[in-house]
Every structure is written in C-alpha cells, then in structure tokens.
Amino acid sequence: MDPISKTETPTKAPQANSKRCFIQTYGCQMNVYDSERMAEALVTAGYEQVESPEGADMVILNTCHIREKAVQKVYSYLGRVKPLKQKNDDMIVAVAGCVAQAEGAEIISRAPIVDMVFGPQTFQQLPDMLDKVNDLRARGEKARLVRTEFPAAEKFEALQSVARKPITRNPSAFVTVQEGCDKFCTFCVVPYTRGEEVSRDTQDIVAETRALVEQGVCEITLLGQNVNAWQDRQSGLRLDGLLRQLGDIAGVERLRFTTSHPRDMDDALIDAHGSNPKLMPYLHLPIQAGSDKILQAMNRQHTAADYLALVRRFRQARPDLALSSDFIVGFPGESDEDFDATMALIDEVKYAQAYSFKYSPRPGTPAADSPEQVDEAVKDARLQRLKTRLAEHQRQFNEAQIGRVLPVLFEKPSKKDGQMSGRSPYLQTVHVSMDEAMMSAVRGRVLPVKITTAFSFSMVGELADEDA
Ligand code: 5AD
Ligand code: SF4
C-alpha cells in the first residue's frame, strides 16, 4: 500500500444550510478511501466537506499507526484544533482510524477536546454516533464515545448501503475489496489494528464499480491490506476472476490492485497480467528486505529466491511490467551484509518505484522487544543509500520511456500553470502542456502522449495523434 503520510481529501464548496466537516487523513490509500466513505456517510447527517478546520462544525482526524510518531502527530494536531473548539463549543472532534483503534480510551482521557474515537471498521456508525453526541449534549452532558469493535463484514454491508456520491469525481477511484491481515509480520501493527482478513462479496464490488463508472470513473484500483488473498466467500472466485468481471463492465478502462503479499500470489493472477487487457502492467509487491535471515525474523514466510522467482514469472506473463515494493532498513539484527543483500536484490529487480522506511518499533509487536535494535545513525545511513539507488532505478525506468507513446489517463491540472497531469499504465505521473479548453476536454480520458522528458518522479510529454 502506498504509505503516503498526509492527504487532503478533495472537497467541494459547502452549501449554505449544511454543516461543515473537515477530515484530515494520514496514511495509506485505505485511509484515503475510508475518509471518502466517511464524507459520504456524513452527507446523510447533513454535513459537507470543507477544506480547513477553521469554521468547521466537525473535525475528524483519520489516523495511521504504521510507523512511529503517529500518536504524537495526533496529539499535536489536536493541539491545533483546541483553540478552534474553544471558539466554537458546538464543534465535534473525532479521532478515527488505526491510532484510534490502538489507543481508544487513552485518547479520550488524554485529550478532553475529543468527543468520539472510532476504529477503521466502525465509521459506518458515524451518523448514529453523531446522533448520540447531539442527544447527550441536548441533555447538558458531555459525550465521550469510543467504538473500536471489529465488525468488518458489517463495514462491507455499510459500504454498500451508502450510495457513492460523486464527491471527488476523479476519473480514478479506489474500491475496497478486502480488509485486515493474518500474516503477522513481526514489525507490523496492521493485524492488531485492522483485524483478520475478510473479503467483500463480489456482487457488492461489482455494484460499487458500476456506480463509480456512472459517475465518470474509468480506472478502478482494488484495495486491501492483502488484496491478493481476496476470495468470494460463496463462489470461491479469486482476484483474477474478479478482475475479469470488472473488466467486462462497459466504461471500465483500467484496473489495478494493491497491496499484494508474495505468499498469496497464484498462477491465475500472474497469468491475468498477460491475458486481461484492462489490467495495467504495474505490480506493488513488497519484499521488505533482501536477506533470508531478516525475512525469516520478519516472519515473511518466503525467501529472497522465492520472491525473485515470482518476479520472473510475472515478467514472463507481462514483459513490460513495472514493479514496486516496500522496504524496511534497520530491522532488529540487520547487519551490513544483510543490508547489502537488500541492495543486491534491488539491483536485480530494478524497481520502477518503491517506498523505503527506517524500522520503527511498534508497541505490542514481537520485533519491538528484540534486544538487537539497530542504531539510529546506522538506519539513517542505510536508508539514504537505499533511497538514492531506488531513485536512480526509477529515473532509469522513466528515461527508458522517452520517445515512446504511452496511453495517459488525464486526471487534474498540474501544480504548474498550463499543464494537465495524468498517469501512464506504469503509474508514472505525466505532465502535458495545453490550453484551458483542452484541459477540460481531456480530463477523464485516456489519450496517447509522446514522452519527451523524464525525471526521477515524473515525466513530461506532448499529446500525440490518436492513431500514433
Ligand atoms: N517500521 C517501518 N516500516 C513499517 N512498515 C510497516 N510497519 C513498519 C514498521 N514498524 C512499512 C512496511 C509496509 C508499509 C506499508 O509500511 O514496509 O509494507
Ligand atoms: Fe503488515 Fe505483514 Fe500484514 Fe503487510 S502482510 S499488513 S506488513 S502484517
């Protein structure tokens, strides 16, 4: 999962009579998706999303617990919200997501301004929680609600009952198909904060996809902590079959999925990369480290050779596949030789993109108690070496596209004036100069673009002839 650190959920202007809600999102796409669904659930309670907490009637922090400082970030953000709440006593402050799940009542007792705390599987109860808060307030009592149960199946039911509102109208949308993780990597809090693996029913996923397509979406990214563990509980259908069904829906032009675990990869899903024309040639397949000793200590349940064999099979099915991964440096017990094995692995795979992190001990996970913690300075140096090499590979991958014509899905204006940005099949950001009229004409369309310039993290191109 793309572990971005902070995301502003796109918004639209509030209507005069609606209440205002601001959502601050931290973490992965799963959280971005959850924030969108919270915003949708809140529409029924008369709220519209706004772009800043100033003047909001409700502020929600959708939190991430995967690496350190998450908890500090929450309290420091609450510190910023405090004067706003002092100005507007009616404001409702909520903490949601994985920190909420892990810290629960602790947040309520440490931060008096917080009215509600709810875990990642309970946001469908939001309108109900709001009613409770308002009832209690009407009676002159202070509301302190904590909801951190794990009804994932219930969450999926609720996902379906809240019609998808065209809040973002982005031509590319996420659809959650799977929640939770049973893998218990020894560094990771997800199995504790998101609970066990649960798959969403095929018919609900298809219905949500159809609704999105009706709103102009043409690219769907299926989301799950272990998305390739997805399996329909009734029919036994696996992810390759789901991707085939979704690809058959008129209007779906591109399909992606993230995040996969090497252990759950099956032949049919590998083959789908060669046979499903809607499936984009891009795969996020985290390995975390290149040393077998470390992989074992991480409880990844595969070796570096197993992973490399998988990569080879994928590239046989789809030779131009772009690969992406997550890496952790400085896992307890990681020696210089172990780290060198990670560097050798990335030289072999040559990732098109990757995320890398310093190991951060998470309370309650086995690795946090290891006596072999790596020195912070060593972690810093390793992270820098790794990031530098990964960026080189990424630039080389991008440079290899110069002169090629790639189909680009145009999404939004670039930060730079007079440019529109979109995504190549390999998930690279591509900027193209054009006039205003053209910008609105291309939005949401897949058009051929000739790549002229490549950087480490983006590319520039020009519109090419449709038959180029
Ligand atoms: N320390 C550092 N990185 C972590 N990740 C998960 N837990 C930790 C941790 N304790 C990284 C992994 C995972 C990504 C989402 O976050 O690389 O794949
Ligand atoms: Fe965490 Fe491992 Fe599960 Fe990924 S597979 S969510 S890293 S426990």
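Note that the structure is a prediction, hence the values are computed from the model and not measured. One-based numbering, in listed order, for ligands and for the atoms of each.
An N or O contact shorter than 3.5 Å is missing between Tyr359 and ligand 1 by distance. Considering backbone and side-chain atoms alike, Pro286 places every N or O at 3.5 Å or more from each N or O of ligand 1.
When the heavy atoms of Arg362, Lys358, Lys379 are ranked by distance to atom 2 (C) of ligand 1, first place goes to Lys358.
Atoms of ligand 1 found under 4.0 Å from any heavy atom of Gln288 (numbered from 1 in listed order, with element): 12 (C), 13 (C), 17 (O), 18 (O). For ligand 1 and Phe357, the ligand atoms under 4.0 Å from any heavy atom of the residue are 3 (N), 11 (C), 14 (C), 16 (O), 17 (O).
Aromatic ring orientation, Tyr307 versus Tyr351: tilted (interplanar angle from 30° to 60°).
Within a 6.0 Å radius of CD in Gln396, more than 12 heavy atoms belonging to other residues, nucleotides or ligands are found.
Using modelled atom types, one finds no donor on one side chain facing an acceptor on the other under 3.5 Å when comparing Gln178 with Asn226. There is a side-chain donor-acceptor pair under 3.5 Å between Asp232 and Thr202. Side chains of Gln401 and Arg404: a donor-acceptor N/O pair is present below 3.5 angstrom, by distance only.
Each protein N/O/S atom under 2.8 Å from atom 2 (Fe) of ligand 2 was counted, for a total of 1.
Annotation: cation-pi geometry satisfied between Arg110 and Tyr75 (NZ/CZ under 6.0 angstrom from ring centroid, within 45° of ring axis).
A donor-acceptor pair under 3.5 Å is absent between the side-chain atoms of Trp230 and the main chain of Arg238, judged by distance alone. Not one N or O on the side chain of Ser370 forms a donor-acceptor pair closer than 3.5 Å with the backbone of Gln373.
The CG atom of Leu323 sits 7.0 Å away from atom CG of Leu285, with the distance rounded to the nearest 0.5 Å.
Here the two rings, on His284 and Tyr426, have centers that are 6.0 Å apart or farther.
Residue contacts with ligand 1, taken as heavy atom pairs separated by less than 4.0 Å, involve Phe187 via backbone and side-chain atoms alike. The part of Ile328 lying near ligand 1 is the side chain, judged by heavy-atom distances below 4.0 Å.
Within 4.0 Å of atom 6 (S) of ligand 2, at least one protein heavy atom is present.
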